[in-house]
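One structure is given here, and the rest of the page talks about it.
Given the structure is predicted, the values throughout are model-derived calculations rather than measurements. Just so it is clear: chains get the letters A, B, ... in the order the sequence lines come, proteins before strands, and each one is counted from 1.
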Number of protein chains: 2
Amino acid sequence: MLLRDFEDRPLCYASGMSQVPDHDAPSVPSPEHVAELLVRHGYRSTAPRRAVVADVLARGRPFTAEEVVANLRQRVPEIGRATVYRTLELLASVDVLSRVLRSDGHPAYIAGTPGHRHHLVCSDCGAAVAFSACPVDELVRDLSRDTRFSIQGHLLEVFGLCPECQPTV
Amino acid sequence: MLLRDFEDRPLCYASGMSQVPDHDAPSVPSPEHVAELLVRHGYRSTAPRRAVVADVLARGRPFTAEEVVANLRQRVPEIGRATVYRTLELLASVDVLSRVLRSDGHPAYIAGTPGHRHHLVCSDCGAAVAFSACPVDELVRDLSRDTRFSIQGHLLEVFGLCPECQPTV
DNA sequence: TGATTATTGACACGGTGTCTCATCAAGTGG
DNA sequence: CCACTTGATGAGACACCGTGTCAATAATCA
């Protein structure tokens with residue numbers, strides 16, 4: 001696959017921030033919008049890709065590539081595993097998905113959080129809340145000054161238990 | 001293996017912070033100190049473990065378990081892969097190592113940064129600088145209040161190019 | 001020294017992601 | 001509308017990673 005304008009970038013790029021947590025309702029784009037987005041980036045809109053997009057946009061919490069494969073195989077048995085992996089990577093490259101890490105360290109994707117976002121993920125049920133307040137910028141300035149590193153990006157995930165999963169006292 | 005006082009904790013726990021970046025020189029303990037530490041925790045001091053400890057303490061940058069296996073096999077061919085993995089996990093549990101993530105998302109270990117630390121890792125050569133300034137605490141308070149999540153921990157890594165790896169202008 | 005038991009090493013296993021390659025089909029221009 | 005070009009697909013093999021099992025071994029202690 002050719003991934004245009006996308007090469008080995010770190011998991012997250014610091015590209016802007018807002019000062020207050022905003023816990024946005026995930027702004028999930030429509031399947032048609034995603035299809036058009038792909039075409040605009042020079043990719044083709046194919047049946048397998050549309051199937052992956054449809055599956056993925058319906059999800060409100062982090063999911064793994066294998067989960068998508070398993071779920072998709074039930075309706076589209078002939079779809080290839082590699083295709084799903086490639087499409088997910090593709091969707092991440094155009095900001096329809098973002099990569100997150102579960103608290104067990106396993107990589108996953110989540111839909112509908114374009115831009116610079118981090119996630120608060122429930123380590124029990126997997127429910128996720130996106131937030132764009134990123135407290136790292138000032139730290140990055142200090143580090144950059146003190147270490148002479150040229151900072152490229154950062155990775156921040158917060159883990160906890162959502163209200164539903166907390167043990168009732 | 002029995003891992004005492006260590007069960008499935010997230011990659012990083014927020015357990016304290018200092019306000020200023022301190023870029024500590026890594027305080028690498030001696031092999032003897034680590035051996036004693038293990039005994040104090042109720043583990044046995046064995047030849048394979050000492051070999052892993054010796055190998056690991058000599059490293060100044062993040063390394064993967066497989067790297068340790070490969071390197072160790074040259075001098076101690078009979079050492080088992082599982083033993084290395086178990087020993088690394090063990091050393092992380094007693095805070096001799098900490099887990100970090102490379103910018104490609106691959107998990108690794110780094111020696112000599114006990115306590116609550118994060119790392120600035122060069123995405124080219126892998127050189128790492130530890131820092132204990134953790135700007136996440138305030139964010140965690142806000143998130144906790146606004147989302148009613150009970151926050152358990154967080155993961156923060158910063159990536160960049162170290163001075164040696166930056167393209168000379 | 002002998003008993004106890006943690007630890008080891010070999011191996012197999014499952015999961016994950018990548019790669020290859022022949023085939024297919026989306027988009028293009030004629 | 002058709003043929004062509006080339007990106008995309010799917011099947012399968014493959015490598016890698018981390019874990020689990022289990023009999024054999026060795027560290028500790030009485």
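If you take CD of A/Glu36 and P of C/dG27, they are 13 Å apart, rounded to a whole angstrom. For the pair A/His41 NE2 and D/dG7 P, the computed distance is 17 Å after rounding to whole Å. Per the geometry, CG belonging to A/Leu88 stands 15 Å off P belonging to D/dA8, to the nearest Å. Note: CD1 (B/Ile79) to P (C/dT7) measures 14 Å, nearest angstrom. At whole-Å resolution of the value, CG in B/Leu38 and C1' in C/dA6 are 13 Å apart. Going from atom CD of A/Glu78 over to atom P of C/dC24 covers 14 Å, rounded to whole Å.
Comparing the end axes of the helix from C/dT1-D/dA30 to C/dG30-D/dC1, each fitted to five base pairs by superposing C1' atoms of four pairs onto the next four, gives an inter-axis angle of 30° (nearest 10 degrees).
Shown here are the side-chain contact (heavy atoms from CB on, under 4.5 Å) partners of A/Pro107, two or more places apart in sequence or in another chain: A/Leu101. Partners of B/Arg59 under the side-chain hydrogen bond (donor to acceptor under 3.5 Å, both in side chains) rule, at least two apart in sequence or in another chain, are B/Asp55. The side-chain hydrogen bond (donor to acceptor under 3.5 Å, both in side chains) search around B/Glu66 returns B/Arg81, B/Tyr85, not counting sequence neighbours. A search for salt bridge (charged side-chain N to carboxylate O under 4.0 Å, His left out) contacts involving B/Glu36 returns B/Arg40, not counting sequence neighbours. Remark: A/Arg50 pairs with A/Ser45 by the side-chain hydrogen bond (donor to acceptor under 3.5 Å, both in side chains) rule, at least two apart or across chains. By the side-chain hydrogen bond (donor to acceptor under 3.5 Å, both in side chains) test, A/Glu67 pairs with A/Arg102, sequence neighbours left out.
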- Task: Quick one, give me the B/S/- string for nucleotides 17-27 of chain D, reading 5' to 3', where B means a protein heavy atom under 4.0 Å from the base and S means that only happens at the primed atoms, P, OP1 or OP2.
- Result: SBBBB----BB
Could you tabulate the donor-acceptor pairs under 3.5 Å formed by side-chain atoms of residues 72-79 of chain B, not counting sequence neighbours?
| unit_1 | atom_1 | unit_2 | atom_2 | d |
| --- | --- | --- | --- | --- |
| B/Arg73 | NE | B/Ile79 | O | 2.8 |
| B/Arg73 | NH2 | B/Ile79 | O | 3.0 |

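Taking the centre of each ring, A/His118 and A/His154 come in below the 6.0 Å mark.
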